[in-house]
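Heads up, the thing below is written out as structure tokens.
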Amino acid sequence: MSDLHRLSIRELSEGLAQAKFSSRELTEHYLKRIAKIDTQVQSYITVTAEQALAQANAADAAIKAGHATTLTGLPIAHKDIFCTQGIKTTAGSKMLDNFISPYDATVVAKGKAAGLVTLGKVNMDEFAMGSTSENPHFGSTKNPWNLEHVPGGSSGGSAAVVAADLAPFATGTDTGGSIRQPASFCGLTGLKPTYGRVSRFGMIAYASSMDQGGPMARSAEDCAYLMNVMAGHDAKDSTSVQKEVDDYVSNLNDTSVKGLRIGIPKQYFNVQGLDADVKARVEESLKKLEEMGATLVEIDLNMTEAYVPTYYLIAPAEASSNLQRFDGVRYGYRCENPVDLMDLYKRSRSEGFGTEVQRRILIGTYALSAGYYDAYYVKAQKVRRLIQQDFLKAFENVDVIAAPSAPTTAYKIGANLSPTEMYLGDIYTLAVNLAGLPAINAPVGFDKNNLPVGLQLIGNYWSESQLLSVVHQYQQATDWHTKRAAIAEENA
Ligand code: GLN
């Protein structure tokens with residue numbers, strides 16, 4: 001069977017259950033594709049072929065013995081920010097180039113318990129700081145739609161593997177847009193859950209008050225299957241919430257688009273730098289939802305101008321604190337021949353971290369320093385609360401809020417945007433993390449260069465089922481999510 005990679009998660013699950021193919025065959029199929037096609041896409045940092053085949057054999061035995069779960073035997077790729085026992089976890093950094101975790105992240109452990117087969121670990125922006133997956137240590141992952149463009153970031157490897165059919169789905173993390181923006185750039189569906197829905201245990205920390213893992217796949221239905229595995233309370237993560245988990249797959253038809261009130265923030269569609277094609281595709285998708293029975297309601301989100309400065313204070317502040325542990329002493333990269341302790345710290349950290357990570361540590365340390373703490377960090381926290389209140393007020397009148405996921409389509413590799421230009425590209429995604437809300441990206445067409453455009457729907461707290469359901473119905477009525485990049489059509 002040469003076209004196993006074209007099947008949806010549901011079709012793969014059914015095919016395995018009906019013994020149309022084995023997990024071993026499916027896993028070998030993906031490993032073959034990776035060997036052939038990933039030389040061009042460069043998405044995997046580590047391919048775990050041997051372990052994957054062993055897991056596939058175990059999955060086949062479980063299926064035969066009748067104790068398989070829905071996803072037993074399905075292959076997955078993990079962002080290299082999730083700790084995997086016995087397998088290198090780099091977080092995209094030279095600092096952790098040789099780090100082998102003694103334990104699995106909860107997300108990885110849950111995947112194993114569900115019978116998922118780990119194909120490997122995929123590339124990302126270093127420590128999830130960035131929007132392009134142009135990694136200074138592991139190279140640039142390519143956008144499957146056009147290899148001269150970035151796949152987005154920081155979960156760019158996760159997006160690229162799915163878009164090139166080098167894994168049927170993948171885990172990602174989103175601190176300020178890192179699931180939604182690469183999903184948008186690569187024509188995929190990606191869900192950033194409510195803060196606290198998915199365990200952060202074993203997920204290497206960037207900005208802990210905003211970090212959240214979530215699924216990336218072709219469709220809302222595919223994401224729902226993975227969300228069923230990822231979501232849930234975890235005693236090992238103190239911010240994980242004790243709240244019953246929905247069955248996201250059974251709920252896919254539960255929200256009706258008919259009568260759904262979609263908020264359109266005035267401020268969002270007048271943003272400078274919003275690409276005309278992106279705007280047009282997003283508006284067309286909203287028109288489609290309107291035809292399907294939704295009501296579009298113009299709303300105000302008055303804090304829009306504060307998103308970028310607020311996030312780019314709080315995230316670096318938390319990063320500077322989280323990254324202190326990489327000191328060249330306990331674990332991680334250590335420079336050669338240090339002359340004294342100061343030299344050891346300094347050189348280990350300047351050699352082990354790339355430029356962007358160092359920039360954020362400097363900004364964050366400055367913002368947290370004694371004389372500036374109130375003026376920057378405390379102020380940013382107050383603004384953060386206002387941003388959250390802005391959303392809560394909006395949700396009194398609407399069910400979901402629509403926006404582009406990004407103001408542009410995928411950048412060219414090496415475009416070398418200045419840090420501020422790069423940060424402004426996150427305008428539509430950051431507020432969701434500052435407020436802890438869930439949001440989803442759905443592909444809604446292409447720009448003039450045939451690069452994908454994404455629609456973002458933001459929901460109120462714990463509305464993951466609703467978001468997946470709305471996108472699922474949109475995807476029943478349209479076919480953007482079924483479009484494949486030319487490289488995905490290549491056979492191995
Ligand atoms: N691009 C944003 C940043 O650089 C978001 C990254 C993320 O969500 N991990 O911080």
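Counting starts at 1 for both ligands and their atoms, following the listed order.
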Non-hydrogen atom of E356 closer than 4.0 Å to ligand 1: no
Residue S154 vicinity, atoms of ligand 1 by number, heavy atom under 4.0 Å: 9 (N)
Test of proximity, T173 against ligand 1: N or O pairs below 3.5 Å: no
Under 4.0 Å to a heavy atom of Y312 - the qualifying atoms of ligand 1, by number: 1 (N), 2 (C), 3 (C), 4 (O), 10 (O)
Nitrogen or oxygen of L430 less than 3.5 angstrom from that of ligand 1: no
Region of K192 that comes within reach of ligand 1 [heavy atoms, distance under 4.0 Å]: neither
Numbered atoms and elements of ligand 1 in range of Y206, under 4.0 angstrom, heavy atoms: 3 (C), 9 (N), 10 (O)
Per-atom contacts, ligand 1 versus A128 - under 4.0 Å to a heavy atom: 6 (C), 7 (C), 9 (N)
Ring geometry between F326 and F353 (parallel below 30°, tilted from 30 to 60°, perpendicular above 60°): perpendicular
Min heavy-atom dist Y311 to ligand 1 below 4.0 Å: yes
Straight-line distance of D300 CG to N302 CG, nearest 0.5 Å: 4.5 Å
Shortest non-hydrogen contact between G177 and P182, atoms and distance: O-CD, 3.6 Å
D165/R218 ion pair, N-O < 4.0 Å: yes
Backbone N/O of A380 and side chain of T310: donor-acceptor pair under 3.5 Å: no
CA sep, side-chain torsions, deciding dist, call: V229, L71, side-chain contact (heavy atoms from CB on, under 4.5 Å): CA-CA 9 Å; V229 175; L71 296 186; 3.5 Å; yes
Y376 atom OH, neighbour heavy-atom count above 12 within 6.0 Å: no
Per-atom contacts of ligand 1 with S131, taking only distances under 4.0 Å to non-hydrogen atoms: 1 (N)
From the candidates A406, P182, G176, P419, the one that places a heavy atom nearest atom 8 (O) of ligand 1: G176
Ligand 1 N/O within reach of D426 N/O, cut-off under 3.5 Å: yes
Which residue and heavy atom of the protein sit nearest atom 6 (C) of ligand 1, plus the separation: S178 OG, 2.9 Å
Test log, rule side chain to side chain donor-acceptor pair (under 3.5 Å), inputs S469 and Q473: CA-CA 6 Å; S469 181; Q473 285 165 73; 3.1 Å; yes
Side-chain ion pair, D374 and K379, N-O less than 4.0 Å: no
